[in-house]
Amino acid sequence: MDPDLHDLLAAWAGGDLDADRRAALLRRVAADDGFRRAFVAETQMLSMLKAVQSAEPRWPLLEDELGGGPPSASASLEDRVLRAIDAPPGRRSAVWPWALVVSALVVAMLVPRQAPPPGARPPAEPTSDAPASVGVVLKADGVRYEESAGQRPTEGGPLRPGPLRLRAGQLTINFVNGVVLSLQGPAELDVASADRVFCRRGKLRTRVPPGAEGFTVVAPGSAVVDLGTEFALNVAADGKAEVMVFEGRAAVSVLNAAGHTLSSEERQGRAALEIDPSAGRIRDVAAEPERFVPAAALVPPALVLDPSYPADVVAARPWGYWRFAAWAGGVVPNEVAGRPGLRTVGGVGLDGTAVFVAGRPGQYLLLDGAWAPPRATGYAVEVWALSQGFQHSSLVALSPADSDSDRHAALLEFTGRSRALLHEECAIRCLDRWPAGKNGGANAFSSAMYTPNHWHHLVAQLGPAGLELYVDGKLAGTAPPCPAPGTGPCRMVLGRMKDQPDADPRQIRSLVGRLGELAVYDHPLPPETIRRHAALRAAGAAPK
Amino acid sequence: MDGFREELARAVEADLEPAAAPYRTETIEALLHCIERLPDKLKRVVRAGLGGDKSADLADELGTSVGAVYNLHYRANKLLRTCLQKEIG
């Protein structure tokens with residue numbers, strides 16, 4: 001073994017080396033590619049071993065690795081390694097998601113405490129994304145990041161696992177599981193996954209929807225598990241923490257240095273607790289909600305378009321165009337003379353957009369007639385859409401008028417987080433399928449997540465090259481054309497996958513959000529038209 | 001993380017992602033098999049490393065020097081890497 005590598009690993013692990021020796025090692029790391037790769041290979045193996053050795057990886061182990069301190073001798077790691085080694089294959093498979101998270105974290109968090117180089121690309125745009133994203137930023141109010149922050153997500157941009165270092169401001173994140181977390185600076189948060197974060201210090205507040213129970217915030221010496229709805233946590237630099245449960249249930253624990261629970265309490269309803277890890281104590285205190293991060297005000301923004309937008313749509317010769325500005329007798333008129341309107345069902349609200357509220361899955365709009373999308377020559381569906389959360393929801397659904405409405409010929413929808421479906425998570429999907437049916441066809445997915453509470457301009461169209469999905473004016477996904485010819489008069493349902501009842505909400509996919517300016521065309525739209533329409537959102541109204 | 005670790009992390013940043021990229025779920029599955037196959041002495045070293053045992057203590061226990069412990073670590077990691085390459089082709 002190269003003595004320099006020996007010394008470098010020892011120093012990395014916290015061993016004593018004098019300043020000159022450290023400087024010499026750093027110089028060699030910078031100059032010697034092979035030496036640098038050897039060091040990375042060693043640390044990489046350590047990360048993998050750490051990931052594998054624990055069926056329930058604990059944050060303090062990560063902290064040990066990242067913070068340079070010695071791992072706790074109290075953890076019976078040998079037993080856990082042996083357990084992992086001796087476990088039958090089925091047992092082992094249960095650790096993989098955690099193991100991968102841990103491995104990814106160790107790698108991700110080895111690096112990030114540095115400012116980006118001058119001229120570096122700014123954080124991702126709203127539609128840029130990577131598979132590792134665990135959520136998006138809903139709001140960034142006065143946010144300033146520390147210079148050393150590893151990621152600096154912007155409003156509408158993706159959030160990835162790794163550290164967030166806020167100097168000031170309030171950042172509100174929507175995780176893919178629907179959890180909404182507001183973080184107030186100064187704060188240091190490490191995002192492990194959509195289900196788990198580590199708060200080194202700072203103030204945060206979470207709202208956990210049904211289905212995401214178990215969202216966990218770990219802090220130095222404490223942890224809070226949200227068992228549903230809403231709590232806030234303030235973590236001081238000395239590890240003392242204050243918790244306030246605003247609604248629902250939360251479990252609060254004091255942890256020892258190895259991350260094991262020393263004691264825990266569960267509170268339901270409005271309650272406040274103080275956690276002192278050094279004393280191993282949790283005690284009730286008077287609730288002072290003003291000491292905690294206020295709930296994020298997530299009011300859906302209005303859809304404000306340039307006054308030239310309607311004329312531009314009409315100039316593109318739509319088969320039908322509905323503006324949701326008014327209705328008569330329960331029907332939204334078609335701006336194209338002689339074509340059918342959209343019938344409102346279940347009390348859809350209209351305010352210039354169609355408003356679908358939570359808890360009313362019976363809301364939808366139904367074409368008061370039929371449209372036969374000309375599949376041989378191409379067609380397009382254009383709409384502005386806003387979802388209030390990450391939820392699998394149908395925006396526009398076409399099915400042959402003479403069959404059940406769950407046999408689809410075309411779909412445009414937001415997908416959600418679902419392990420039960422093959423669809424990509426929290427993306428935008430369009431489908432073309434003929435003959436209409438319950439499966440098969442061509443699917444195009446956006447490569448990026450959509451952003452809840454933001455308006456997206458969407459175009460799903462079939463053209464000579466195949467199926468195309470445009471998001472906010474950019475081509476976001478394509479698929480080869482569904483080869484079968486044919487078409488027929490179709491019913492069109494908005495805000496729901498079908499107009500017939502179904503006991504399984506996954507087969508209804510009702511939208512909680514808004515739709516605006518729907519147009520359907522008997523031809524595909526040129527890319528420049530799509531770009532222009534998307535750009536006609538009034539200045540200052542577009543997502544940052 | 002002290003200044004040395006920060007500087008070191010910056011220096012190896014570009015190498016980290018390529019190094020991590022080949023590791024997939026199957027890789028970690030394979031790693032368990034590889035750990036099983038390690039000689040007992042190397043298993044002991046791996047365990048000690050994960051447990052945070054001080055190299056000096058382990059050296060005492062094994063009746064060897066601290067340098068030799070580091071060499072055992074290095075050898076164990078090398079064997080694991082070689083084994084992994086064979087396992088995952």
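Letters A, B, ... are given to chains in the order of the sequence lines, protein chains preceding strands, and every chain is numbered from 1. Everything numeric here is computed off the predicted structure, so don't read it as measured data.
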Can you list everything that forms a salt bridge (charged side-chain N to carboxylate O under 4.0 Å, His left out) with B/Arg75? Sequence neighbours excluded, please.
none
Looking at residues at least two apart in the chain, or sitting in another chain, which of them share a side-chain contact (heavy atoms from CB on, under 4.5 Å) with A/Pro186?
A/Arg201
Test A/His6 against B/His73 for side chain to side chain contact (heavy atoms under 4.5 Å, CB included), laying out the working first.
CA-CA 10 Å; A/His6 167 286; B/His73 265 298; over 6 Å; no
Contact check, side chains of B/Tyr74 and A/Leu9, non-hydrogen atoms, under 4.5 Å:
no
Contacts of residues 25-37 of chain A with chain B (heavy atom under 4.5 Å)
A/Leu26, A/Val29, A/Arg36, A/Arg37
